[in-house]
Amino acid sequence: MKKIEKKYRILILGASGYLGNAIYKELCMYFNTYGTYFSPKKEFENNKHFFHYNVEEDDIYEILEATKPDIIISALRGDFHAQTIAHAHIAEYALEHGSKIIFLSSANAFDAYSKYPSYETDKTLSHSIYGHFKIKIENMLMRMPKRQVAILRLPMVFGANCPRIQEIKQLISEKEAVEIFPNLIMNVTLDKKVTQQIHYIINRKKSGVFHLGSTDLVHHDEFIQQIISNITQTKVSLKQVYTTNEDRYLAVLPKYNILPKHLQITSDIVLKELQK
Ligand SMILES: NC(=O)c1ccc[n+]([C@@H]2O[C@H](COP(=O)([O-])OP(=O)(O)OC[C@H]3O[C@@H](n4cnc5c(N)ncnc54)[C@H](OP(=O)(O)O)[C@@H]3O)[C@@H](O)[C@H]2O)c1
(Lines give C-alpha, C1' and ligand atoms only; values in the text may rest on other atoms or scores of the structure.)
Protein backbone atom coordinates (compact mmCIF):
# COMPACT_ATOMS: atom_id res chain seq x y z
CA MET A 1 0.00 0.00 0.00
CA LYS A 2 1.20 3.54 -0.75
CA LYS A 3 2.61 5.30 2.27
CA ILE A 4 0.51 8.33 3.19
CA GLU A 5 2.82 10.96 4.64
CA LYS A 6 0.60 13.79 5.81
CA LYS A 7 3.57 15.57 7.27
CA TYR A 8 3.03 19.05 5.87
CA ARG A 9 0.11 21.41 5.98
CA ILE A 10 -0.16 23.06 2.59
CA LEU A 11 -2.25 26.05 1.51
CA ILE A 12 -2.75 26.65 -2.21
CA LEU A 13 -3.89 30.17 -3.14
CA GLY A 14 -5.94 29.82 -6.31
CA ALA A 15 -6.71 26.12 -5.80
CA SER A 16 -9.83 26.41 -7.97
CA GLY A 17 -7.81 27.56 -10.99
CA TYR A 18 -6.21 25.58 -13.79
CA LEU A 19 -2.80 25.02 -12.20
CA GLY A 20 -3.82 25.46 -8.56
CA ASN A 21 -6.41 22.70 -8.89
CA ALA A 22 -3.99 20.34 -10.65
CA ILE A 23 -1.51 20.96 -7.81
CA TYR A 24 -4.26 20.37 -5.21
CA LYS A 25 -5.15 17.02 -6.82
CA GLU A 26 -1.48 15.99 -6.91
CA LEU A 27 -0.83 16.84 -3.25
CA CYS A 28 -4.07 16.22 -1.34
CA MET A 29 -3.47 12.45 -1.01
CA TYR A 30 -0.11 12.98 0.64
CA PHE A 31 -0.40 16.20 2.64
CA ASN A 32 -2.95 18.11 4.65
CA THR A 33 -3.86 20.31 1.74
CA TYR A 34 -6.09 23.41 1.83
CA GLY A 35 -7.00 25.80 -0.95
CA THR A 36 -8.73 29.04 -1.81
CA TYR A 37 -11.36 29.70 -4.47
CA PHE A 38 -12.86 32.95 -5.69
CA SER A 39 -15.79 32.22 -8.04
CA PRO A 40 -18.71 30.59 -6.21
CA LYS A 41 -18.87 26.86 -7.01
CA LYS A 42 -20.70 24.07 -5.12
CA GLU A 43 -17.73 21.71 -5.41
CA PHE A 44 -15.59 24.09 -3.33
CA GLU A 45 -18.31 25.50 -1.08
CA ASN A 46 -19.01 21.96 0.18
CA ASN A 47 -15.35 21.09 0.73
CA LYS A 48 -14.07 21.94 4.24
CA HIS A 49 -10.54 22.19 2.86
CA PHE A 50 -11.52 25.12 0.63
CA PHE A 51 -11.83 28.74 1.75
CA HIS A 52 -13.48 31.53 -0.16
CA TYR A 53 -10.94 34.29 -0.81
CA ASN A 54 -11.15 37.57 -2.69
CA VAL A 55 -7.69 39.09 -2.93
CA GLU A 56 -9.20 42.58 -3.24
CA GLU A 57 -11.35 42.38 -0.13
CA ASP A 58 -10.23 39.66 2.25
CA ASP A 59 -7.32 39.52 4.65
CA ILE A 60 -5.17 36.50 3.78
CA TYR A 61 -3.99 36.43 7.40
CA GLU A 62 -7.34 34.94 8.49
CA ILE A 63 -6.93 31.97 6.14
CA LEU A 64 -3.30 31.59 7.17
CA GLU A 65 -4.29 31.56 10.85
CA ALA A 66 -7.04 29.00 10.15
CA THR A 67 -4.88 26.63 8.09
CA LYS A 68 -1.44 27.17 9.69
CA PRO A 69 0.43 26.10 6.55
CA ASP A 70 4.01 24.86 6.51
CA ILE A 71 3.98 25.52 2.78
CA ILE A 72 2.05 28.21 0.88
CA ILE A 73 1.74 27.77 -2.88
CA SER A 74 0.75 30.91 -4.78
CA ALA A 75 -1.16 30.13 -7.99
CA LEU A 76 -3.35 33.23 -8.00
CA ARG A 77 -4.56 35.64 -10.59
CA GLY A 78 -6.36 38.87 -9.85
CA ASP A 79 -5.67 42.55 -9.32
CA PHE A 80 -1.89 43.07 -9.22
CA HIS A 81 -1.88 45.73 -6.50
CA ALA A 82 -4.06 43.60 -4.21
CA GLN A 83 -1.90 40.53 -4.95
CA THR A 84 1.24 42.50 -4.05
CA ILE A 85 -0.22 43.40 -0.65
CA ALA A 86 -1.37 39.81 -0.10
CA HIS A 87 2.11 38.47 -0.91
CA ALA A 88 3.67 40.96 1.52
CA HIS A 89 1.36 39.57 4.23
CA ILE A 90 2.18 35.99 3.22
CA ALA A 91 5.91 36.76 3.42
CA GLU A 92 5.42 38.32 6.86
CA TYR A 93 3.53 35.23 8.05
CA ALA A 94 6.16 32.89 6.58
CA LEU A 95 9.00 34.77 8.28
CA GLU A 96 7.19 34.65 11.60
CA HIS A 97 6.26 30.94 11.39
CA GLY A 98 9.09 29.49 9.31
CA SER A 99 6.76 28.51 6.45
CA LYS A 100 7.93 28.04 2.89
CA ILE A 101 6.48 29.94 -0.10
CA ILE A 102 6.29 28.41 -3.57
CA PHE A 103 5.49 31.16 -6.08
CA LEU A 104 4.33 30.48 -9.63
CA SER A 105 6.13 33.09 -11.68
CA SER A 106 6.38 33.38 -15.43
CA ALA A 107 8.73 33.57 -18.41
CA ASN A 108 7.37 37.11 -18.69
CA ALA A 109 9.82 38.12 -15.95
CA PHE A 110 12.24 38.28 -18.91
CA ASP A 111 9.99 39.68 -21.62
CA ALA A 112 12.17 42.76 -22.14
CA TYR A 113 15.05 40.54 -23.30
CA SER A 114 14.28 39.15 -26.68
CA LYS A 115 17.61 38.08 -28.11
CA TYR A 116 18.31 35.02 -25.95
CA PRO A 117 16.51 32.46 -23.84
CA SER A 118 16.82 33.06 -20.09
CA TYR A 119 18.44 31.06 -17.31
CA GLU A 120 17.81 31.01 -13.56
CA THR A 121 20.49 33.50 -12.55
CA ASP A 122 19.85 36.01 -15.36
CA LYS A 123 18.64 39.44 -14.32
CA THR A 124 14.91 39.84 -14.78
CA LEU A 125 13.54 42.70 -16.89
CA SER A 126 10.07 43.21 -18.27
CA HIS A 127 8.23 45.64 -20.50
CA SER A 128 4.80 44.27 -19.59
CA ILE A 129 2.61 45.09 -16.58
CA TYR A 130 2.24 41.35 -15.89
CA GLY A 131 6.00 40.75 -16.06
CA HIS A 132 6.69 43.77 -13.83
CA PHE A 133 4.26 42.45 -11.26
CA LYS A 134 5.87 38.98 -11.24
CA ILE A 135 9.34 40.54 -10.82
CA LYS A 136 8.10 42.68 -7.92
CA ILE A 137 6.81 39.64 -6.03
CA GLU A 138 9.94 37.62 -6.89
CA ASN A 139 12.17 40.40 -5.52
CA MET A 140 10.09 40.63 -2.36
CA LEU A 141 10.40 36.88 -1.80
CA MET A 142 14.11 36.80 -2.61
CA ARG A 143 14.71 38.98 0.43
CA MET A 144 13.55 36.07 2.61
CA PRO A 145 15.92 33.28 3.77
CA LYS A 146 16.67 31.20 0.66
CA ARG A 147 15.50 27.88 2.12
CA GLN A 148 12.01 29.37 2.64
CA VAL A 149 11.36 30.29 -1.00
CA ALA A 150 10.96 28.50 -4.32
CA ILE A 151 10.29 30.67 -7.36
CA LEU A 152 9.00 28.61 -10.28
CA ARG A 153 9.23 30.40 -13.62
CA LEU A 154 6.80 28.77 -16.03
CA PRO A 155 6.48 29.03 -19.80
CA MET A 156 3.09 28.43 -21.47
CA VAL A 157 1.57 25.41 -19.72
CA PHE A 158 -0.48 22.88 -21.70
CA GLY A 159 -2.56 19.83 -20.84
CA ALA A 160 -5.51 17.87 -22.19
CA ASN A 161 -8.30 20.42 -22.48
CA CYS A 162 -6.35 23.15 -20.71
CA PRO A 163 -7.76 26.68 -21.02
CA ARG A 164 -5.50 27.48 -24.01
CA ILE A 165 -6.68 24.40 -25.93
CA GLN A 166 -10.30 25.05 -24.99
CA GLU A 167 -9.91 28.56 -26.38
CA ILE A 168 -8.45 27.23 -29.64
CA LYS A 169 -11.33 24.71 -29.94
CA GLN A 170 -13.83 27.49 -29.31
CA LEU A 171 -12.28 29.71 -32.02
CA ILE A 172 -12.31 26.79 -34.48
CA SER A 173 -15.97 25.99 -33.73
CA GLU A 174 -16.88 29.66 -34.23
CA LYS A 175 -14.80 29.78 -37.44
CA GLU A 176 -12.70 32.55 -35.94
CA ALA A 177 -8.96 32.94 -36.55
CA VAL A 178 -6.42 31.45 -34.13
CA GLU A 179 -3.54 33.83 -33.36
CA ILE A 180 0.00 32.61 -33.99
CA PHE A 181 3.26 34.49 -33.39
CA PRO A 182 5.72 33.42 -36.14
CA ASN A 183 8.65 35.32 -34.57
CA LEU A 184 8.21 33.96 -31.09
CA ILE A 185 10.61 31.24 -29.92
CA MET A 186 9.58 29.77 -26.60
CA ASN A 187 9.62 26.70 -24.45
CA VAL A 188 6.54 24.92 -23.12
CA THR A 189 5.50 22.43 -20.47
CA LEU A 190 2.73 20.11 -19.33
CA ASP A 191 0.48 20.68 -16.33
CA LYS A 192 1.11 17.17 -15.03
CA LYS A 193 4.87 17.64 -15.21
CA VAL A 194 4.59 20.91 -13.25
CA THR A 195 2.61 19.20 -10.47
CA GLN A 196 5.17 16.36 -10.26
CA GLN A 197 7.99 18.90 -10.14
CA ILE A 198 6.27 20.75 -7.29
CA HIS A 199 5.72 17.47 -5.39
CA TYR A 200 9.45 16.74 -5.75
CA ILE A 201 10.45 20.26 -4.65
CA ILE A 202 8.31 19.79 -1.53
CA ASN A 203 9.54 16.27 -0.70
CA ARG A 204 13.20 17.08 -1.23
CA LYS A 205 12.94 20.49 0.50
CA LYS A 206 14.34 22.22 -2.59
CA SER A 207 14.49 26.01 -2.79
CA GLY A 208 15.66 28.81 -5.06
CA VAL A 209 14.74 29.73 -8.61
CA PHE A 210 13.56 26.98 -10.98
CA HIS A 211 13.04 27.27 -14.72
CA LEU A 212 10.37 24.70 -15.41
CA GLY A 213 10.24 24.89 -19.20
CA SER A 214 11.06 22.17 -21.73
CA THR A 215 14.77 21.70 -22.39
CA ASP A 216 14.24 22.53 -26.08
CA LEU A 217 12.71 25.49 -27.88
CA VAL A 218 9.81 25.72 -30.32
CA HIS A 219 8.40 28.34 -32.67
CA HIS A 220 5.02 29.45 -31.39
CA ASP A 221 3.37 29.22 -34.83
CA GLU A 222 4.60 25.67 -35.53
CA PHE A 223 3.70 24.43 -32.07
CA ILE A 224 0.17 25.86 -32.17
CA GLN A 225 -0.35 24.51 -35.70
CA GLN A 226 0.61 21.04 -34.48
CA ILE A 227 -1.93 21.35 -31.70
CA ILE A 228 -4.55 22.46 -34.23
CA SER A 229 -3.80 19.47 -36.46
CA ASN A 230 -4.52 17.19 -33.46
CA ILE A 231 -7.90 18.83 -33.06
CA THR A 232 -9.08 18.95 -36.66
CA GLN A 233 -8.06 17.98 -40.19
CA THR A 234 -10.11 20.81 -41.68
CA LYS A 235 -8.52 24.13 -42.61
CA VAL A 236 -8.41 26.60 -39.74
CA SER A 237 -7.95 30.30 -40.29
CA LEU A 238 -4.80 31.68 -38.68
CA LYS A 239 -3.93 35.24 -37.77
CA GLN A 240 -0.19 35.83 -37.94
CA VAL A 241 0.86 38.39 -35.35
CA TYR A 242 4.25 40.03 -35.82
CA THR A 243 5.40 42.06 -32.82
CA THR A 244 8.92 42.60 -34.24
CA ASN A 245 10.71 41.83 -37.48
CA GLU A 246 13.26 39.65 -35.76
CA ASP A 247 12.95 36.41 -33.83
CA ARG A 248 12.02 37.02 -30.20
CA TYR A 249 12.77 34.60 -27.36
CA LEU A 250 10.44 34.06 -24.42
CA ALA A 251 11.96 30.98 -22.90
CA VAL A 252 12.94 29.90 -19.39
CA LEU A 253 15.60 27.22 -19.77
CA PRO A 254 16.88 25.20 -16.81
CA LYS A 255 20.67 25.28 -16.36
CA TYR A 256 21.79 25.70 -12.73
CA ASN A 257 18.90 24.41 -10.61
CA ILE A 258 18.29 21.20 -12.52
CA LEU A 259 15.71 18.60 -11.57
CA PRO A 260 16.32 14.86 -12.10
CA LYS A 261 15.94 13.48 -15.64
CA HIS A 262 12.46 12.02 -15.10
CA LEU A 263 11.21 15.50 -14.15
CA GLN A 264 12.61 17.19 -17.23
CA ILE A 265 10.50 17.56 -20.34
CA THR A 266 10.79 18.22 -24.07
CA SER A 267 8.28 19.85 -26.41
CA ASP A 268 7.81 16.48 -28.16
CA ILE A 269 6.58 14.93 -24.92
CA VAL A 270 4.15 17.83 -24.50
CA LEU A 271 2.77 17.29 -28.02
CA LYS A 272 2.59 13.50 -27.61
CA GLU A 273 0.64 13.92 -24.38
CA LEU A 274 -1.78 16.29 -26.11
CA GLN A 275 -2.38 13.71 -28.87
CA LYS A 276 -3.62 11.07 -26.41
N1 LIG B 1 -1.28 28.77 -17.13
C2 LIG B 1 -0.09 29.11 -17.59
O3 LIG B 1 0.28 28.77 -18.73
C4 LIG B 1 0.85 29.93 -16.72
C5 LIG B 1 2.12 30.27 -17.23
C6 LIG B 1 2.99 31.01 -16.44
C7 LIG B 1 2.62 31.38 -15.15
N8 LIG B 1 1.38 31.05 -14.69
C9 LIG B 1 1.00 31.51 -13.34
O10 LIG B 1 0.38 30.45 -12.63
C11 LIG B 1 -0.62 30.97 -11.77
C12 LIG B 1 -1.92 30.19 -12.01
O13 LIG B 1 -2.31 30.36 -13.37
P14 LIG B 1 -3.59 29.62 -13.98
O15 LIG B 1 -3.38 29.60 -15.44
O16 LIG B 1 -3.83 28.38 -13.24
O17 LIG B 1 -4.73 30.70 -13.64
P18 LIG B 1 -6.32 30.50 -13.47
O19 LIG B 1 -6.78 29.21 -14.01
O20 LIG B 1 -6.95 31.75 -13.99
O21 LIG B 1 -6.51 30.46 -11.87
C22 LIG B 1 -6.36 31.63 -11.11
C23 LIG B 1 -6.78 31.39 -9.69
O24 LIG B 1 -6.85 32.67 -9.02
C25 LIG B 1 -8.16 32.84 -8.47
N26 LIG B 1 -8.56 34.24 -8.52
C27 LIG B 1 -8.86 35.00 -9.61
N28 LIG B 1 -9.24 36.23 -9.24
C29 LIG B 1 -9.18 36.26 -7.87
C30 LIG B 1 -9.48 37.25 -6.89
N31 LIG B 1 -9.90 38.47 -7.21
N32 LIG B 1 -9.32 36.90 -5.58
C33 LIG B 1 -8.89 35.67 -5.22
N34 LIG B 1 -8.60 34.69 -6.10
C35 LIG B 1 -8.75 34.99 -7.42
C36 LIG B 1 -9.08 31.97 -9.33
O37 LIG B 1 -10.26 31.67 -8.60
P38 LIG B 1 -11.63 31.19 -9.36
O39 LIG B 1 -11.21 30.25 -10.44
O40 LIG B 1 -12.39 30.53 -8.25
O41 LIG B 1 -12.28 32.43 -9.86
C42 LIG B 1 -8.19 30.76 -9.55
O43 LIG B 1 -8.21 29.92 -8.42
C44 LIG B 1 -0.74 32.45 -12.04
O45 LIG B 1 -0.05 33.15 -11.05
C46 LIG B 1 -0.04 32.61 -13.39
O47 LIG B 1 0.59 33.87 -13.49
C48 LIG B 1 0.49 30.33 -15.44
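What you are looking at is a predicted structure, and each value in this text was computed from that prediction instead of being measured. Whatever order the structure lists them in is the order used to number ligands and atoms, beginning at 1. Values below: all heavy atoms of this structure, side chains included; hydrogens, waters and symmetry mates excluded.
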| Considering Arg153, Glu57, Arg77, which one's heavy-atom position lies nearest to atom 20 (O) of ligand 1? | Arg77
| So, do His132 and Phe80 have ring centers that fall under 6.0 Å from each other? | no
| query | Is there a side-chain contact between Met140 and Ile101, using heavy atoms and a 4.5 Å cut-off? | reply | no
| said: Tell me whether Tyr37 has any N or O atom under 3.5 angstrom from an N or O of ligand 1. | reply: no
| request: Examine Phe103 together with His87 and report whether their ring centres are nearer than 6.0 Å. | output: yes
| Among all protein non-hydrogen atoms, which one is nearest to atom 41 (O) of ligand 1, and what is the separation to 0.1 Å? | Ser39 OG, 2.5 Å
| task | Identify which of Leu152, Asp58, Asn54 has a heavy atom lying nearest to atom 31 (N) of ligand 1. | result | Asn54
| task | Report the member of Leu76, Asn108, Asn21, Leu104 with the shortest heavy-atom distance to atom 44 (C) of ligand 1. | result | Leu76
| said: Checking the N or O distance criterion of under 3.5 Å, is ligand 1 in contact with Gly17? | reply: yes
| remark: Atoms of ligand 1 under 4.0 Å from any heavy atom of Lys134, numbered from 1 in the order shown, are 44 (C), 45 (O), 46 (C), 47 (O)
| task | Evaluate whether atom OH of Tyr61 has more than 12 neighbouring non-hydrogen atoms of other residues, nucleotides or ligands under 6.0 angstrom away. | result | yes
| query | For atom 5 (C) of ligand 1, which candidate among Pro155, Cys162, Gly14 provides the closest heavy atom? | reply | Pro155
| If you draw a 6.0 Å radius around NE2 in His97, do more than 12 non-hydrogen atoms from other residues or ligands fall strictly inside? | yes
| query | Would Phe158 and Phe223 count as a close aromatic pair, with their ring centres under 6.0 Å? | reply | yes
| field | Those residues that, when tested against Lys205, pass salt bridge (charged side-chain N to carboxylate O under 4.0 Å, His left out) (two or more places apart) | value | none
| query | Any nitrogen or oxygen of Ser106, main chain or side chain, under 3.5 Å from a nitrogen or oxygen of ligand 1? | reply | no
| message | Which residue and atom name correspond to the protein heavy atom nearest atom 47 (O) of ligand 1, and how close is it? | response | Tyr130 OH, 2.5 Å
| query | Which ligand 1 atoms, with their elements, are less than 4.0 angstrom from a heavy-atom of Arg164? | reply | 2 (C), 3 (O)
| said: Quick test of your reading of the model: are Lys193 and Glu273 salt-bridged, counting only N-O distances below 4.0 Å? | reply: no
| query | How close does the nearest protein non-hydrogen atom get to atom 38 (P) of ligand 1, and which residue and atom is it? | reply | Ser16 OG, 3.2 Å
| task | Indicate, as side chain, backbone, both or neither, the part of Lys41 found under 4.0 angstrom from ligand 1 when only non-hydrogen atoms are considered. | result | neither
| task | Return the residue, atom name and 0.1 Å-rounded distance of the protein heavy atom closest to atom 33 (C) of ligand 1. | result | Tyr53 O, 3.0 Å
| request: Would you tell me whether Lys169 and Asn161 have side-chain atoms, one donor and one acceptor, within less than 3.5 Å of each other? | output: yes
| said: Checking the N or O distance criterion of under 3.5 Å, is ligand 1 in contact with Leu154? | reply: no
| said: Classify the ring geometry of His49 against Tyr34: parallel below 30°, tilted from 30° to 60°, perpendicular beyond 60°. | reply: parallel
| Top protein contact for atom 32 (N) of ligand 1, by heavy-atom distance | Val55 N, 2.8 Å
| request: Quick one: do Ile202 and Ile73 satisfy side chain to side chain contact (heavy atoms under 4.5 Å, CB included)? Show the steps, please. | output: CA-CA 10 Å; Ile202 292 171; Ile73 302 176; 4.3 Å; yes
| Going by the atom numbers of ligand 1, which of them fall below 4.0 Å from some non-hydrogen atom of Leu19? | 1 (N), 10 (O), 16 (O), 48 (C)
| said: Under 3.5 Å between any N/O of Thr36 and any N/O of ligand 1: does that happen in this structure? | reply: no
| said: Pairs of nitrogen or oxygen atoms closer than 3.5 Å, one from Tyr18 and one from ligand 1: do any exist? | reply: yes
| said: Counting only nitrogen or oxygen atoms and a 3.5 angstrom limit, does Met156 reach ligand 1? | reply: no
| request: Give a yes or no on whether a salt bridge exists between Glu167 and Arg164, defined as a side-chain N under 4.0 angstrom from a carboxylate O. | output: no
| query | Do ligand 1 and Ser74 have nitrogen or oxygen atoms that lie under 3.5 Å from each other? | reply | no
| request: Answer with yes or no whether the side chains of Ser105 and Glu138 bring together a donor and an acceptor at under 3.5 Å. | output: yes
| request: Could you tell me whether Ser105 and ligand 1 have an N or O pair separated by under 3.5 Å? | output: no
| field | Pairing residues for Tyr242 by the ring-ring contact (aromatic ring centres under 6.0 Å, His included) criterion, not counting sequence neighbours | value | none
| remark: Out of Gly20, Ala109, Ala75, Gly35, the nearest non-hydrogen contact to atom 23 (C) of ligand 1 is supplied by Ala75
